[in-house]
Structures are given as structure tokens and as C-alpha cells.
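Order of appearance sets the numbers: ligands from 1, and atoms from 1 within every ligand. The structure presented is a predicted model; accordingly, all values stated were derived computationally and were not measured.
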Amino acid sequence: SGDSTLSITVVGASGDLAKKKIFPALFALYYEDFLPKNFIVYGHARTKLTDEELRDTVSRTLTCRIDKRVIRATNCRENCENKMEEFLKRCFYHSGQYNSEEDFEELDKKLKEKEAGKLAHRLFYLSIPPNLFVDVVKCASLKASSESGWTRVIVEKPFGRDSESSGELTRSLKQYLAEDQIFRIDHYLGKELVENLSVLRFSNLVFEPLWSRNYIRNVQLIFSEDFGTEGRGGYFDNYGIIRDIMQNHLLQILALFAMETPVSLDAEDVRNEKVKVLRSMRPLQLEDVVVGQYKGHSKGSKLYPAYTDDPTVPNGSLTPTFAAAALFIDNARWDGVPFLMKAGKALHTRRAEIRVQFRHVPGNLYKRNFGTDLDKATNELVLRVQPDEAVYLKINNKVPGLGMRLDRSDLNLLYRARYTREIPDAYERLLLDAVEGERRLFIRSDELDAAWSLFTPLLKELEDKKIGPELYPYGSRGPVGAHYLAAKYNVRWGDLG
Ligand code: BG6
């Protein structure tokens with residue numbers, strides 16, 4: 001409303017995440033009129049910068065994400081540039097240490113000036129390494145909390161390295177903040193297709209009744225990137241792919257996929273169901289996991305580096321850059337259904353998808369037409385999260401002609417063909433939700449604990465036993481071990497054909 005103000009303080013404003021994701025997302029929200037009338041953005045970091053210098057850096061990261069139809073309109077460019085100018089005028093900078101109460105007091109003064117006595121809401125986005133979280137939260141909550149409105153803090157993984165360190169971080173943060181002030185981001189929950197998962201399932205009669213062990217043979221959650229840890233080896237080596245992708249992004253998707261119907265779409269109802277799924281799962285077993293690491297090779301004149309060639313990675317590191325795992329949910333709905341996860345860097349393609357393989361049709365009349373390989377005839381539902389967002393369903397169809405030949409074809413909902421609108425970036429949705437106090441897409445602390453309980457014993461065992469990863473060439477499809485793991489459960493990875 002006109003009587004209140006909102007400030008968004010980006011702590012760690014000169015970092016990569018801030019530049020690449022947060023400022024552009026804030027601008028996109030502003031552009032589309034989602035932010036309240038009186039809002040300002042404060043960049044906070046140690047580097048000394050003027051407001052103008054911050055605006056200059058921020059301006060280089062902004063783009064116009066708009067309806068494709070609007071782009072054709074002649075006044076669009078001008079309109080966008082005007083909006084950028086307006087947005088930049090609302091950006092300010094404060095330089096300070098992350099552990100200095102005086103520096104946050106200083107920030108508080110500057111905020112108060114801008115708030116001019118109105119009802120003031122304050123959102124802090126901690127775009128900084130996790131070892132600084134507690135210092136910043138302490139200083140911000142003691143010295144820069146809003147006195148009249150709400151104060152919220154957004155944090156992003158890593159939330160510790162295991163159950164113990166994560167629990168410790170939660171306890172430390174809760175010395176200064178209430179749970180409902182903490183917004184833990186898992187940016188995969190902000191992705192359009194992940195948000196669509198529940199819509200597909202719960203609003204389509206052709207899917208909802210099939211969503212169980214009675215009809216689903218297995219579920220596959222696949223994440224691959226076609227680049228290595230280039231430049232992030234220092235961070236990555238301390239975590240590895242299991243902590244970087246599986247314990248959070250893929251597990252969150254799994255929980256959403258497998259949860260029981262929530263009482264409503266309210267944050268607590270949905271998160272209650274997600275926690276139940278996580279708590280019904282078996283902790284991962286070493287024999288159900290394959291780890292890999294990419295090795296260098298040359299192709300023509302191009303050299304592909306090994307993970308361990310990264311100067312920030314310690315020699316002889318055993319950190320996995322690839323992992324495949326089979327997980328099980330011991331409840332009535334999912335008993336015995338393997339949930340297979342696969343995540344890797346430096347693979348042949350960049351892709352994230354959810355694949356649901358259905359059971360064979362009992363007494364299949366057309367067995368003869370499929371030969372002995374009934375797997376070729378299973379229906380498969382695929383949600384391609386990225387790139388080129390799509391939902392498609394593999395069905396069996398008769399090839400036209402006088403004979404009786406069947407093939408598997410796709411019913412294909414390709415977003416770029418169906419919708420003209422640009423797909424918003426995950427951070428846009430999540431920032432807007434945080435501003436609006438909508439917590440459904442943020443991780444509650446009991447969810448985080450449950451997620452860590454599943455992975456901590458495995459991670460400890462891998463590290464204690466110094467299990468060496470299976471090497472795979474940069475740009476390949478990953479270690480063959482992943483196939484054996486799937487085969488053990490009678491599964492074939494759907495992304496391989
Ligand atoms: C981050 C991981 O959480 O997700 C990165 O730390 C990974 O290693 C990134 O590259 C992938 O995100 P996106 O949105 O590009 O798929």
C-alpha cells in the first residue's frame with residue numbers, strides 16, 4: 001500500500017549470484033509491476049562502491065523479459081529502458097563488514113531515512129558464503145530489523161554438510177530469527193515445470209488415479225550439465241554432486257512427486273506432506289549408489305580438462321562430480337517402486353527432467369507387435385524441466401497402413417510452441433513469494449533435517465571408506481555403473497533412448 005515501504009537488502013551484492021540472478025529477478029518483478037510502490041534495493045558488501053557504481057554494475061545485468069508479442073511493439077524498447085532507469089534510481093549501496101554491528105547500525109540509519117517513518121518491511125537476501133550466515137543474521141537482526149513491519153531473511157544452500165552441521169546452523173540462526181522469518185531457497189522449486197508437477201498430477205483424471213505403485217514402475221529424476229566445475233572447484237570440492245544437487249534439488253522434486261494429496265495448497269499443508277514422504281524413505285545404502293568423476297581427454301584439437309585439473313581442486317580428490325542412486329519410499333503408495341536419481345557435471349548435455357515409467361498393460365493384446373521387449377511399449381510421462389520446457393507422454397500408436405505395425409510416439413506439449421510468454425526465472429517466483437510471505441516453496445527446518453538424515457550416513461561411509469569414483473570422460477554419458485544400478489531394479493534410464 002502507499003503507506004508502507006519495502007526494502008530488499010542484497011548482502012553480498014558484488015557476488016556472482018547477486019549479479020546473475022537476484023538483481024535481474026528484482027528488475028523483472030519491477031518491470032511487471034509486482035513490487036509494491038515504495039520499494040528500494042540496497043546492495044551491501046565489503047567492497048567500497050558508490051550508489052552510482054552499483055547502478056552501473058547492476059545495469060549491465062538487466063534484460064527485458066517480456067511477452068514475445070509485446071516485443072514486436074515499437075514502443076517496447078523505450079518503455080523497457082525507462083523502466084530500467086526507474087529501477088536503478090531505487091538501488092543504493094552500503095559498504096560494510098559482515099560481522100560488524102556498527103556497520104549494520106549504519107545501514108539501519110540509511111534505511112530509516114528512506115522509509116521516512118512509514119510502516120517498513122525489510123527483506124535481507126544473504127548472497128554470501130554460508131560461513132558468514134550467522135554473523136550477518138546476528139548483526140542484521142540486532143541492529144537492522146524493522147521496528148514497525150516484518151523482517152525476513154532469505155538464505156540459500158549449502159545448509160551445512162551433514163545432519164550435524166546443518167542442525168547447528170539452524171540452531172544458530174534460530175537464536176536470532178523465528179522459523180517464519182527464515183526463507184530457505186531451493187531454486188529448483190521456483191522452476192516452472194516443478195511448479196507444474198502438482199498441477200498435472202492433481203488436476204488431471206488421466207494421471208491422478210495412476211500415481212502409485214499399482215501403475216508406476218519407476219520414477220527417474222535426471223540432472224545433467226555439459227560443463228564441469230570451471231571456476232567453482234573450491235566450493236564444489238567441499239560438497240560434491242550428492243550434496244550439491246541430490247540432497248536438495250532432486251530430493252525436493254521427489255517429495256513433491258510422491259506426497260499424498262495435501263489438505264490444501266497452503267504452505268504448511270504442502271510441507272507437512274513433503275516431510276512425511278521424506279520420513280518414510282530409507283536412508284541411502286552404499287550398494288544403491290554409484291559415484292563418478294570426470295576425467296580429461298582430447299577430441300580433435302579440443303582439450304577437455306579433468307575435474308582434478310581445476311587448480312582450486314586438491315590433487316587426488318575423490319569428490320564425486322556424478323552420482324546415480326536408487327531410493328525407496330516405504331509407504332503404502334510407493335512400496336517397492338524404485339526412484340532413480342542421476343546427477344552429473346561435464347556430461348554430454350545440459351538437461352533436467354522427471355521421467356515416469358508406467359507398468360506394462362496386463363495381457364497386452366499387441367505383445368506380438370513389440371517382440372519380447374515389453375519395455376519398448378511402456379508409457380512414459382516426461383516433464384522436461386529445462387532446457388526447452390515440455391511435458392510429453394509416450395504412447396503406443398498404430399503406424400498407418402494396411403499392416404499392423406505399432407510404434408511409440410509422443411503426445412508433446414512443448415512450451416515454446418504452446419505459450420508465447422517468457423518463462424520466468426526461478427528467482428523471480430521465489431523473491432516474489434518471499435515478499436508476499438508465501439512459504440510453500442521454501443524449505444522448512446524439519447524438511448531440511450529429514451533430507452539430511454537420508455544422505456548423511458551414506459556420505460559418511462563414502463568418505464570414511466574413501467570410495468574412489470568411477471572415472472568418465474568429460475562430455476560422455478557418465479559411468480557405466482549407472483546402468484548396472486538401474487538394471488539391478490529392472491530399469492532402463494529413459495534418457496538413453
Ligand atoms: C546449483 C548448484 O544449486 O544449481 C550448481 O550449486 C548447479 O552446481 C546449479 O550448476 C544448476 O542450476 P540451474 O538452474 O542452472 O539448473
Side-chain angles (χ1 to χ4, degrees), residues 12 15-22 24-25 28 61 63 65 125-131 133 154-161 166 183-197 221-254 291-294 307 310 312-313 317 319-323 341-354 383-390 415 422-431 441-443 448 451-452 455 459 474-475 478 495:
D16 238 28
L17 179 73
K19 283 192 223 152
K20 284 198 189 131
K21 296 289 185 185
I22 302 167
T61 67
T63 52
R65 310 174 49 82
Y125 196 118
L126 307 198
S127 175
I128 44 172
N131 59 329
F133 284 175
I154 301 181
V155 284
E156 190 156 359
K157 80 170 168 63
F159 307 120
R161 298 185 76 252
S166 163
F183 287 68
R184 295 179 195 82
I185 277 197
D186 183 308
H187 81 285
Y188 264 63
L189 293 183
K191 295 200 184 242
E192 188 63 41
L193 268 278
V194 177
E195 182 76 334
N196 191 37
L197 178 57
L221 307 169
I222 300 173
F223 167 96
S224 72
E225 280 180 340
D226 56 359
F227 47 89
T229 55
E230 284 96 317
R232 289 177 75 227
Y235 150 79
F236 190 85
D237 201 70
N238 198 17
Y239 293 92
I241 199 80
I242 298 178
R243 293 184 178 92
D244 191 46
I245 303 292
M246 281 189 171
Q247 182 268 357
N248 31 72
H249 304 328
L250 297 188
L251 189 65
Q252 281 298 318
I253 296 177
L254 186 155
V291 288
Q293 189 187 80
Y294 62 91
Y307 172 65
D310 185 328
T312 54
V313 169
S317 165
T319 300
T321 59
F322 174 99
M341 286 183 181
K342 183 161 75 168
K345 296 206 170 256
L347 294 171
H348 74 298
T349 187
R350 173 173 178 264
R351 189 188 295 164
E353 59 189 13
I354 305 165
L383 276 76
R384 190 160 63 226
V385 176
Q386 65 189 36
D388 221 6
E389 292 78 353
Y415 275 43
E422 280 276 333
I423 293 177
D425 188 74
Y427 285 89
E428 290 171 36
R429 188 186 318 274
L430 295 169
L431 275 161
L441 300 180
F442 295 88
I443 314 297
L448 182 62
W452 273 122
F455 283 90
L459 288 163
Y474 193 121
D495 59 332

Proximal atoms of ligand 1 relative to H249 (non-hydrogen, under 4.0 Å): 1 (C), 3 (O), 4 (O)
Closest to atom 12 (O) of ligand 1 among H187, K157, R350, E156 (heavy-atom distance): H187
Donor-acceptor under 3.5 Å (Q252 side chain, I443 main chain): no
Atom indices of ligand 1 within 4.0 angstrom of K345 heavy atoms, with elements: 5 (C), 7 (C), 8 (O), 10 (O)
Heavy-atom nearest option to atom 13 (P) of ligand 1, drawn from E225, R232, K191: K191
Residue portion contacting ligand 1 (non-hydrogen atoms closer than 4.0 Å) for F236: neither
Pick from D244, N248, T229, I185: the one approaching atom 6 (O) of ligand 1 most closely through a non-hydrogen atom: D244
Side-chain donor or acceptor of T349 paired with backbone N/O of R351 under 3.5 Å: no
Donor-acceptor under 3.5 Å (K157 side chain, D186 main chain): no
Residue and atom name of the nearest protein heavy atom (relative to atom 16 (O) of ligand 1), distance in Å to one decimal: Y188 OH, 2.4 Å
Short side-chain to backbone donor-acceptor contact, Y474 and G228, under 3.5 Å: yes
Audit row: F159, N248, side-chain contact (heavy atoms from CB on, under 4.5 Å) steps and yes/no: CA-CA 10 Å; F159 307 120; N248 31 72; over 6 Å; no
Donor-acceptor pair, side chain of S127 and main chain of L17, under 3.5 angstrom: no
Sub-4.0 Å atoms of ligand 1 with respect to non-hydrogen atoms of Q386: 13 (P), 16 (O)
